[in-house]
Structures are given as structure tokens and as C-alpha cells.
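As the structure is a prediction and not an experimental result, all values here were calculated from the model. Keep in mind that the numbers below use all heavy atoms, side chains included, and drop hydrogens, waters and symmetry copies.
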Amino acid sequence: MHHTTVLLIELGAVILALGLLGRLAGRVGFSPIPLYLLAGLAFGHGGILSLQASEEFIATGAEIGVILLLLLLGLEYSASELVTNLRTQYPSGVVDLVLNAVPGAVAALILGWGPVAAVALAGVTWISSSGVIAKVLGDLRRLGNRETPVVLGVLVIEDLAMALYLPILTTLLAGVSLAGGAVTLLISLGTVGAVLYVALRHGRLISRAVSSDNAEMLLLVVLGLTLLVAGLAQELQVSAAVGAFLVGIALSGEVAEGASVLLTPLRDLFAAVFFVFFGLSTDPADIPPVLVTALLLAVVTALTKVATGWYAAHRAGIRGAGRWRAGGTLVARGEFSIVIAGLAVGVEPRIGPLATAYVLILVVIGPLTARYTEPLARRLTRRPAPPAPPGATEHPQPAPAGA
């Protein structure tokens, strides 16, 4: 059978399966993300049936999915809101680093993997998945919630921190001094600062230049601009997701609203492809030997992420329910954790399977904690009713007849 024919058949089967899984999840009121991941795991390397012809296309679609997820999230906020949020949330970023990076580093040292692997595993456990969390926020219709900007602030601080962390990690893995990576580090910082400056000072001009009454033209310009900026950002050692997010905040007003409506269906399609690809790239046979370690690490860092979100929301003046929702939403790990593990496997091969199992656990648990942490916390912290006074009865008995 011709390669193009096989490609079309595989893509059609994958997209149809995603639609059916999405409908099933909708019927039971559940996020479809875990089902997408399990489907990818079943049909990836070592699964029931391996997809061959469409794997490269799905990999590209997965990258586009992450970019669109962050673009649509950025369109929800203005540049001024972002800067204000960053100014108020930087202490939460420090707490996030300490609570969530330390368990990974300690685990690597206990396993005897050495200090460089400890730095790598610290990054795996530190960074939440912007892609998964953005999808969960949309599925649960929480984009307008008061705690969502807090969650967004923590995620943006993490993503921007990658501009510092990844060059440092790459330098350590290469066995050279930190001075050798200074140029790359400066380029990363300069790129992020320049884009933020343009978004703040000239966001209206950008929106005016992009604006169009023709829906087709608006879609093409916004999508093309986003992919271009994301690619350039990645070339300059800045996350493509950060570039896409910054494009989103640079657009405002009617342009942002129109682009959001046009791009939402594309986001949903490619985001689903992203989660399937994550499962496809994992060999199920590598998971059992590291499952117990990954599970323990996942439990510890799920609790530390809940504590991070609770603290960040508390600092922002959000009440109890919103604090727990923020904490539960931050639990999922994903794309950055896999990237970091991929860089480190040359130094410590065992970090790959452990990171994969760890991320699979938390990417499945993440949508559940986002939904159920707040109801569970409310039930556990509910105060019992005070005891009745001595001699009092809850339901007074009526007097006997004839009394």
C-alpha cells in the first residue's frame, strides 16, 4: 500500500478515535486527557499496534498543539495584567522551586545518580505542564475564575525560568564550566525581555496591524505570526510555548476575541494530537521496573504542587475554595519534563524510564486533582456540628394523648 494511503488511513483512525474518546469522556463528565494518553500508549512503540506512517506527522502536530494551547491562554490576558501578576507572584515562584525541585534532586542522589542527574531530575519534578493545565482549565471552564491568573502566573514564571535552566543544564551535561554557556544564557534573557517590552509598549500597534474584518485573513496572519515567533524563540533557546504565549498577550481587544473564536477548534484538534503523541513515544515495557519509585515521587510532588498553588492563591487574597483549586490544577507534569529527561539520558540512562512513568502518572492524575482537590479539602475540613446540651433532645416528642 502506498505511503500516503497508509498515512491517511492512520490519521483518520487516530482522529476518529479521539472524537469517540472525547464524546465518552463528555458523557461521564471527565476530562479526555487521560484517555488520549492511554490510547497513545496502546498504539505506540511496544503497544498493541504500532503506527508507522503517521508518526512524524503526529509529532509535528503535537508541537503545534502545545503552541496553540499557550497562544489561546495568552489571548485571555493583557500584557499589563501579566506584568502585574508576575510582580505579585515571584515569591510563589521561589516557593514552587524549593518545594518541587528539591524532591527530584534528593531522589537522584539517593539512587546514586550523581549531582548532574540530580539537577536534571529536579527540573523534571519542578515544572508543571502548561499544555495539560491549559487544556484542563478549558475543559473545566475555569478560565474566568479568580484563581486562574494565579495559576497562570506560576506557569509563566516556570516557563520563563526554563530560559535560565535549560542552558545551565546543557552546560553541565556537556561537562564544561558555566562561563561557557553565558552567551546562550544572555541571548535567552534578552529575547524574553525584548518580546515582553514590545508586548507592553506596542501591543496596540501589533493588534492594529494584525486586525482584519476577513476571518480567513485574521486566522492566517495570527497563526502564521504565532508559529514564526515560536520557532524563532526556540532557536534562541527560549521555549516555543513561551513565544506563543507572549504573542497571545501582545494581541488585545477585538483581535484577541476574534482570533480566539477562530483558533479554538484548531487548538482542540492539535492538543488532542499532542497527548496521543506523548503516549505513542513511550514503550510500556520500560515502565514496570521504575513504577514504585515513580509513584512515590509522584505522590510527594503532587502534594508539594498543591501546597504551592494554595500558597500562591493565599498571597493573592483568594479564599479557601480557590486556593485548593489552584493547588490541584498545578499537579500535572508533561512536555518540559520529557524534554529535560531526554537531554539527561546520555549521562544517566535510567532517568528516561523514570521520568516517563512519573509524567504518565501525574498527567493522568492531574486532571483529577484539578477537579476533586477542592471538594475533597472541603469535606475533610468541614467542622462537625457542636454537641447538643445535656438533656436536650433533637426532636421533641409530642405529649401523649389525653395528657
Side-chain angles (χ1 to χ4, degrees), residues 1-27 30-72 129 131-132 134-135 138-139 215-228 230-231 234-235 240-241 244 259 261-287 334-335 338-339 341-342 345 352-353 356 359-360 363-364:
M1 198 179 300
H2 195 272
H3 176 79
T4 303
T5 304
V6 178
L7 173 64
L8 292 174
I9 291 173
E10 288 186 359
L11 281 178
V14 168
I15 294 173
L16 176 61
L18 292 178
L20 295 176
L21 289 173
R23 291 182 64 179
L24 174 63
R27 290 281 180 87
F30 189 73
S31 172
I33 292 174
L35 299 181
Y36 294 160
L37 287 165
L38 293 175
L41 193 63
F43 293 99
H45 302 290
I48 300 172
L49 179 65
S50 179
L51 300 178
Q52 300 294 335
S54 60
E55 185 173 357
E56 185 175 349
F57 182 91
I58 290 175
T60 303
E63 294 183 14
I64 296 174
V66 175
I67 289 170
L68 290 177
L69 282 167
L70 271 294
L71 170 65
L72 268 292
S129 171
V132 174
K135 184 69 166 65
D139 289 341
E216 179 183 353
M217 296 302 103
L218 179 62
L219 173 63
L220 291 174
V221 171
V222 173
L223 182 58
L225 177 64
T226 301
L227 294 176
L228 177 63
Q234 189 149 305
E235 181 65 22
V261 171
L262 293 171
L263 289 167
T264 295
L266 280 178
R267 177 203 62 185
D268 294 340
L269 170 62
F270 283 105
V273 171
F274 162 70
F275 298 117
V276 168
F277 175 74
F278 187 83
L280 288 174
S281 59
T282 303
D283 188 345
D286 293 335
I287 295 178
E335 57 276 8
I338 294 301
V339 169
V345 290
T356 300
V359 171
L360 278 173
V363 86
V364 171

Query - Nearest-0.5 Å distance that lies between atom CG in L24 and atom CG in L35 - result: 6.0 Å
Query raised in the report: Between CG of L21 and CG of L16, what distance do you get to the nearest 0.5 Å?
Result: 9.5 Å
Query raised in the report: Taking I9 as the fixed residue, which of T5, L11, V6 is the one that meets the side-chain contact (heavy atoms from CB on, under 4.5 Å) rule?
Result: T5
Report task. State, to 0.1 Å, how close A244 and T226 come at their nearest heavy-atom pair, and which atoms those are. Result -> CB-CG2, 3.9 Å
Query raised in the report: Just wondering, do L68 and D268 contact through their side chains at under 4.5 Å, heavy atoms?
Result: no
Query raised in the report: Looking at side-chain heavy atoms only, is the closest gap between L223 and L227 below 4.5 Å?
Result: yes
Query - Matching residue for V222 among L219, L225, L218 - test: side-chain contact (heavy atoms from CB on, under 4.5 Å) - result: L218
Query - Minimum-distance pair of heavy atoms, taken over all atoms of G22 and Y36 - result: CA-OH, 3.9 Å
Report task. Supply the atom-to-atom distance I67 CD1 to L266 CG, rounded to the nearest 0.5 angstrom. Result -> 13.0 Å
Query raised in the report: Just how far is it from atom CG of L72 to atom OG1 of T264, taken to the nearest 0.5 Å?
Result: 4.5 Å
Query raised in the report: Taking the side chain as C-beta and beyond, is there a heavy-atom pair between L269 and L18 under 4.5 Å?
Result: no
